[in-house]
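On a predicted model such as this, the values are computed, not experimentally measured, just so you know.
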Amino acid sequence: MSVSAPAQTQGIVVRFAPSPTGKMHIGSARTALFNWLYAKHTGGQFLLRIEDTDSERSTPENTQYIFEAMNWLGLESDREPLIQSTQLENHKQAAQKLIASGAAFVDEEGVTRFKVPEGAVHWTDLVQGDITIESKQIEPFALLRSDGTPTYHLGVVCDDITQGVTHIIRGDDHINNTPKQILLYRALGAKVPEFGHIPLILSESGEKLSKRHGAISVQELRDAGYLPQGLFNFLLRLGWGHADQEIFTREDAIAAFDIHAVSKGASRFDTSKLNWFNAQYLKSLPFTEVKPHLLAFLPDAAQTHPADFKKLEFMWADFTTRAQTLPEIADAARYLLADVTESYTEEHTAILLEAHHLLHDVYDTFSAVTEWNAEILHQVIANLVQHHGGSFKTVGRPLRVAITAQLGGPDMSRIMAALGQNECLRRLKVALHHVHQNGGHHH
Ligand code: GLU
């Protein structure tokens, strides 16, 4: 496809054009999200372009990071992604065309430069409003380097023309590039697209967001245990709002998204807000939707054990009411998936020792239960409590320690129902053995 024959497109076409120079920064992810939402809201197309012409910093691995992050966030390109390095001939042809028409010239060092016409460049930015730049502020910028390779300005404009892009939504660090690019569109005889420049995301304390602020790439946030749904909603609300609504499904977000409502001021990355969104999705999504994301955080053996998933699913609401991230759930659910009787602490041992006289009765009582479910177990525990003096703690605490190696957590009757009778009896037996080994028989 040549630059002089722009793609015939109907309606709105937007693109996300990252340079594959590292993991995907959340600022880039938000730019991608706003483009995607704008396309979906208007019934247009969302395109991906990989700007890989900086051969020193662009690597195939970094390109994979982009595909991976886009895929994880569910921001699919409506066409095959365009790889910028395949378009170099096209860029060079455009430069020749500009030289031929007198819009560009080759300087003494052999650099092809754009001849900036007099006057001013004006555009109405979709986010920032009216912007006017005087031509005398624009230098005769390079189009081809002396070695003949195209510059960013030439490449980006040619590719946007080739892809039929109608709206360019990108970070406001590109505002200074826009007047140059508008002049290039005109000189190439192409329709100038609309532009919208979205403000940067700053750190909580208002600095430029960088590695020292912790997890700031999509991959790092995924690995820290955030759900794509949580990150999607968090990014959406960074600099964009709709009345006082916080939670948006993908469908809600598509219906409500309005590029004109994006704030002109920088927004701040607020980890507690991200945690809050993630917690909302952990609570509201069905287990089956969270499960694929949870797998990586579970102990290896549990990952392939269908029985373990049944236990987790049974107790899902018990865990999600208390957790903000996936590793918190994996950690809290450890006693469902692993034999925690090997990890009794000194404090646990002391609690078991103090209760050793009733643990035999607890064991015998649970052995005699014939129907094993949470309601019945609740009643069995209540009876045991009554029998052993009436305080719940007297029975509940050693029982919890014996079975979960924890001091707190969800309702014991639910935990025991999830684990099943055999496993509960086995753990009680281990706890009794542990007590005896630690001197319980002397009491
Ligand atoms: N490749 C450029 C970047 O990653 C974006 C170009 C553009 O959006 O116009 O900053």
Side-chain angles (χ1 to χ4, degrees), residues 1-25 27-40 42 44-95 126 143 149-174 177-178 180-182 184-185 188 190-198 217-218 259:
M1 207 178 288
S2 98
V3 172
S4 47
Q8 290 299 305
T9 50
Q10 285 184 323
I12 286 174
V13 179
V14 298
R15 58 30 168 209
F16 171 54
S19 307
T21 53
K23 291 186 179 162
M24 196 197 272
H25 189 280
S28 300
R30 189 188 54 163
T31 300
L33 173 64
F34 283 7
N35 273 287
W36 183 85
L37 285 171
Y38 190 69
K40 299 298 140 179
T42 56
Q45 290 188 58
F46 170 72
L47 309 184
L48 178 60
R49 178 168 75 239
I50 304 295
E51 302 213 321
D52 61 339
T53 47
D54 178 346
S55 51
E56 273 173 31
R57 297 169 66 214
S58 303
T59 64
E61 190 191 25
N62 289 337
T63 299
Q64 268 325 109
Y65 278 143
I66 292 168
F67 291 146
E68 181 186 278
M70 299 292 282
N71 201 28
W72 186 76
L73 281 167
L75 307 178
E76 251 105 75
S77 175
D78 290 319
R79 284 187 223 152
E80 196 59 34
L82 184 75
I83 309 298
Q84 186 161 60
S85 57
T86 65
Q87 299 296 305
L88 299 182
E89 277 317 307
N90 211 14
H91 303 164
K92 289 176 193 170
Q93 272 178 30
L126 298 166
L143 301 175
T149 57
T151 62
Y152 158 67
H153 289 300
L154 182 62
V156 80
V157 169
C158 288
D159 292 352
D160 282 333
I161 294 171
T162 299
Q163 292 191 285
V165 172
T166 62
H167 291 66
I168 294 179
I169 299 166
R170 58 187 177 187
D172 67 4
D173 49 331
H174 284 289
N177 296 329
T178 299
K180 296 173 185 171
Q181 294 172 10
I182 288 176
L184 265 178
Y185 279 99
L188 287 166
K191 190 172 184 304
V192 179
E194 303 280 330
F195 289 88
H197 290 92
I198 56 184
S217 70
V218 171
I259 187 74

Next item on the list: Before accepting this row, confirm whether a basic side-chain N of the pair Asp160/Arg49 lies closer than 4.0 Å to the acidic partner's carboxylate O.
Entry: yes

Notebook entry, point to check: Sequence neighbours excluded, which residues qualify as ring-ring contact (aromatic ring centres under 6.0 Å, His included) partners of Tyr38?
Noted result: His167

Next item on the list: Sequence neighbours left out, what passes salt bridge (Lys or Arg N to Asp or Glu O under 4.0 Å) with Glu68? Give chain and number order.
Entry: Arg222

Name each donor-acceptor pair under 3.5 Å that joins a side chain in residues 28-37 to protein atoms two or more places apart or in another chain, with its distance.
{"unit_1": "Arg30", "atom_1": "NH1", "unit_2": "Leu238", "atom_2": "O", "d": "2.8"}
{"unit_1": "Arg30", "atom_1": "NH1", "unit_2": "Ser267", "atom_2": "OG", "d": "3.2"}
{"unit_1": "Arg30", "atom_1": "NH2", "unit_2": "Pro199", "atom_2": "O", "d": "2.3"}
{"unit_1": "Thr31", "atom_1": "OG1", "unit_2": "Gly27", "atom_2": "O", "d": "3.1"}
{"unit_1": "Asn35", "atom_1": "ND2", "unit_2": "Thr31", "atom_2": "O", "d": "2.9"}
{"unit_1": "Asn35", "atom_1": "ND2", "unit_2": "Ile169", "atom_2": "O", "d": "2.9"}

Next item on the list: State, yes or no, whether a side-chain contact exists between Thr63 and Thr59 at a heavy-atom distance under 4.5 Å.
Entry: no

Checklist line | Side-chain donor-acceptor contact under 3.5 Å, Arg79 with Gln45 | finding: yes

Next item on the list: For residues Tyr152 and Ser19, determine if any side-chain heavy atom of one lies less than 4.5 Å from a side-chain heavy atom of the other.
Entry: no

Check: Between Thr162 and Asp159, do the side chains contain an N or O donor and an N or O acceptor separated by less than 3.5 Å?
Finding: no

Note to self: To the nearest 0.5 Å, what is the distance between SG on Cys158 and NE2 on His91?
What the structure shows: 5.0 Å

Margin query: I need the minimum non-hydrogen distance between Leu47 and Val13, along with the two atoms involved.
Written below: CD1-CG1, 3.5 Å

Next item on the list: Taking all heavy atoms of His153 and all of Val156, pick out the closest pair and write down the distance.
Entry: O-CG1, 3.4 Å

Checklist line | Interatomic spacing from CG in Leu88 to OG1 in Thr149 - rounded to 0.5 Å | finding: 8.5 Å

Next item on the list: State whether a side-chain donor-acceptor pair under 3.5 Å links Gln84 with Asp52.
Entry: no

